[in-house]
Amino acid sequence: MEFVELKKHLKSSKPKPCYCAFGDDDFLIERAVTLIGGLVSAFPEFNNTDKEFQKQDELIEELARLPVMSDYRVVVARGKVDAGVIEQYLGNPNPQAVLVVAVLVPHDSWGHSATVEIPNGAEPVVCNRLPVRHAEVFIKSIADGAGVTIDQSAVDELYARCGGYMTRINTETKKLVSQKSPGGVVEKADVAATVKADVEFVVFELADSILAENRLHALEIVDGMAKNNDLTAAFTLLYNRFKRIFAAVVDPDGLPDLGVKPNQIGRLKADGAKFSRVRLKRIVDLLASADYGYKSGAMSQYDALVSVIVQA
């Protein structure tokens, strides 16, 4: 199930013996742990266990314990967990214990899908970054609690600048509303002035500048990235973006294999339609050549990226 379905599931259904909360947003993983931990109705100090188990036998012993004056006890297992041991336990689980396996899967800039070993019998809870429509509800609830309004353009800008990660969105939203008096409005300009852009957002803006042939703006972005030591990430992300745009032109059916979500395909096709296949292939080749150039020591990262902009 998706993270946004978890709360309703816990309220309307009997809890599963085991949940595997995994994804690239640690805020959502911790929120999932908290929601499942809410199954403990009394004495959380006795009925909630959250730790990294050094021995699998210790985990099984913990799961076998009965709750103290509560319908359930919740055991959160951090770190490396033996899926085989859990599968064996789930063959005959303690009906009053709920196991939560928490796994952070760091975002892969190349778009590869990381493999997560989910034990058979465990209920997966996908905690990847939320779409903006779900994050918007969270953002506006914080603003409402402070008596402040945040307009839609500000929500979109905040989501983009934070890369969709809820940890940053939570922190930055609270900072933005704290700067307004009750009844005030957070606007897009406030977000632009206050919130440092996530590397992915900056690279997206850089790619758009290259596509629009706005060389001056592209060079300004590269200068800003150099000051923030973001140039290494720039090559990976920029190459990935143009690789996907090129794929949208020559092999759109293969986009899902590159980790492209359905709602992103239309944008990639629109970007690809602006240029010929030859030109797009040339940009991809320029990026590959520049990447080799700085890694081989022939040029600096900054010079390599500038050379791509000038030639593209």
Side-chain angles (χ1 to χ4, degrees), residues 1-107 113-131 133-138 141-142 164-167 169-170:
M1 74 177 76
E2 296 292 329
F3 168 80
V4 294
E5 303 172 280
L6 179 62
K7 188 174 183 179
K8 181 179 179 181
H9 160 76
L10 293 172
K11 284 187 175 182
S12 60
S13 306
K14 182 180 179 180
K16 304 286 186 179
C18 177
Y19 295 90
C20 181
F22 70 95
D24 63 11
D25 194 321
D26 54 354
F27 183 93
L28 296 184
I29 292 174
E30 294 310 312
R31 181 60 182 153
V33 168
T34 299
L35 287 172
I36 298 170
L39 293 168
V40 171
S41 56
F43 297 104
E45 63 272 23
F46 298 114
N47 295 315
N48 283 102
T49 300
D50 188 334
K51 60 183 288 188
E52 182 172 342
F53 292 90
Q54 301 301 322
K55 298 180 180 179
Q56 299 306 307
D57 289 347
E58 182 186 0
L59 171 59
I60 301 305
E61 290 174 5
E62 193 71 41
L63 289 166
R65 293 172 54 193
L66 296 176
V68 179
M69 298 181 68
S70 173
D71 292 334
Y72 298 100
R73 67 188 314 273
V74 175
V75 178
V76 181
R78 308 279 183 174
K80 185 173 178 59
V81 178
D82 190 324
V85 171
I86 293 176
E87 290 170 3
Q88 185 175 1
Y89 161 77
L90 291 176
N92 184 28
N94 176 1
Q96 291 183 285
V98 178
L99 170 63
V100 184
V101 180
V103 184
L104 176 64
V105 184
H107 174 61
S113 297
T115 55
V116 179
E117 188 175 11
I118 300 175
N120 291 328
E123 177 68 31
V125 181
V126 182
C127 297
N128 289 327
R129 286 172 288 179
L130 295 175
R133 68 180 185 278
H134 293 308
E136 177 184 345
V137 176
F138 181 83
S141 69
I142 295 177
Y165 287 108
M166 291 302 298
T167 299
I169 288 172
N170 177 51

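- The pair Glu2-Lys8 does not count as a salt bridge, with every side-chain nitrogen at least 4.0 angstrom from each carboxylate oxygen.
- The minimum heavy-atom distance between Gly164 and Asp25, with the atom names listed, is O-OD2, 3.8 Å.
- The heavy-atom pair separating Ile86 from Pro119 by the smallest distance is CG2-CB, 3.9 Å.
- Contact check for Asn120 versus Leu90: no side-chain heavy atoms found under the 4.5 Å cut-off.
- In the displayed structure, Gln88 atom CD is contacted under 6.0 Å by at most 12 heavy atoms of other residues, nucleotides or ligands.
- Using a 4.5 Å heavy-atom threshold, the side chains of Phe138 and Arg31 count as separate.
- A distance of 9.0 Å separates OH of Tyr165 from CG of Asp26, quoted to the nearest 0.5 Å.
- You'll find the side chain of Val101 reaches within 4.5 Å of the side chain of Cys18, heavy atoms only.
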May I have the step-by-step check of side-chain contact (heavy atoms from CB on, under 4.5 Å) for Ile36 and Leu6, ending in yes or no? CA-CA 9 Å; Ile36 298 170; Leu6 179 62; 4.2 Å; yes
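- Contact annotation: the side chain of Leu39 never approaches that of Asp71 to less than 4.5 Å [non-hydrogen atoms, C-beta and beyond].
- Under the 3.5 Å distance criterion, the side-chain polar atoms of Asn94 are left unmatched by any main-chain donor or acceptor of Leu66.
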task = Please lay out, stage by stage, how Phe3 and Leu35 fare under the test side-chain contact (heavy atoms from CB on, under 4.5 Å).
result = CA-CA 10 Å; Phe3 168 80; Leu35 287 172; 4.2 Å; yes
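- Here the shortest heavy-atom pairing between Ile29 and Leu104 reads CD1-CA, 3.7 Å.
- Contact check for Val103 versus Ile118: no side-chain heavy atoms found under the 4.5 Å cut-off.
- Residue Glu136 holds its CD atom at 11.0 Å from CD1 of Ile169, rounded to the nearest 0.5 Å.
- The shortest side-chain heavy-atom distance between Arg73 and Leu63 does not fall under the 4.5 Å cut-off.
- The shortest non-hydrogen separation linking Leu28 to Asn128 is CD1-O, 3.2 Å.
- Contact detail for Ser41 and Met69: the closest heavy-atom pair is OG-O, 4.3 Å.
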- prompt: Met1 and Lys16: side-chain contact (heavy atoms from CB on, under 4.5 Å), yes or no, with the steps?
  reply: CA-CA 12 Å; Met1 74 177 76; Lys16 304 286 186 179; 5.8 Å; no
Are Glu5 and Val125 close enough, and set up right, to give a side-chain contact (heavy atoms from CB on, under 4.5 Å), and what steps lead you there?
CA-CA 9 Å; Glu5 303 172 280; Val125 181; over 6 Å; no
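- Atom CG of residue Leu59 and atom CG of residue Asp82 lie 9.5 Å apart, to the nearest 0.5 angstrom.
- Two residues are said to be in side-chain contact when any heavy atoms from C-beta on lie closer than 4.5 Å; Gln54 and Glu52 meet this criterion.
- Closest of all the heavy-atom pairs between Ser70 and Asn47 is CB-ND2, 3.5 Å.
- At least one side-chain heavy atom of Arg78 sits less than 4.5 Å from a side-chain heavy atom of Val33.
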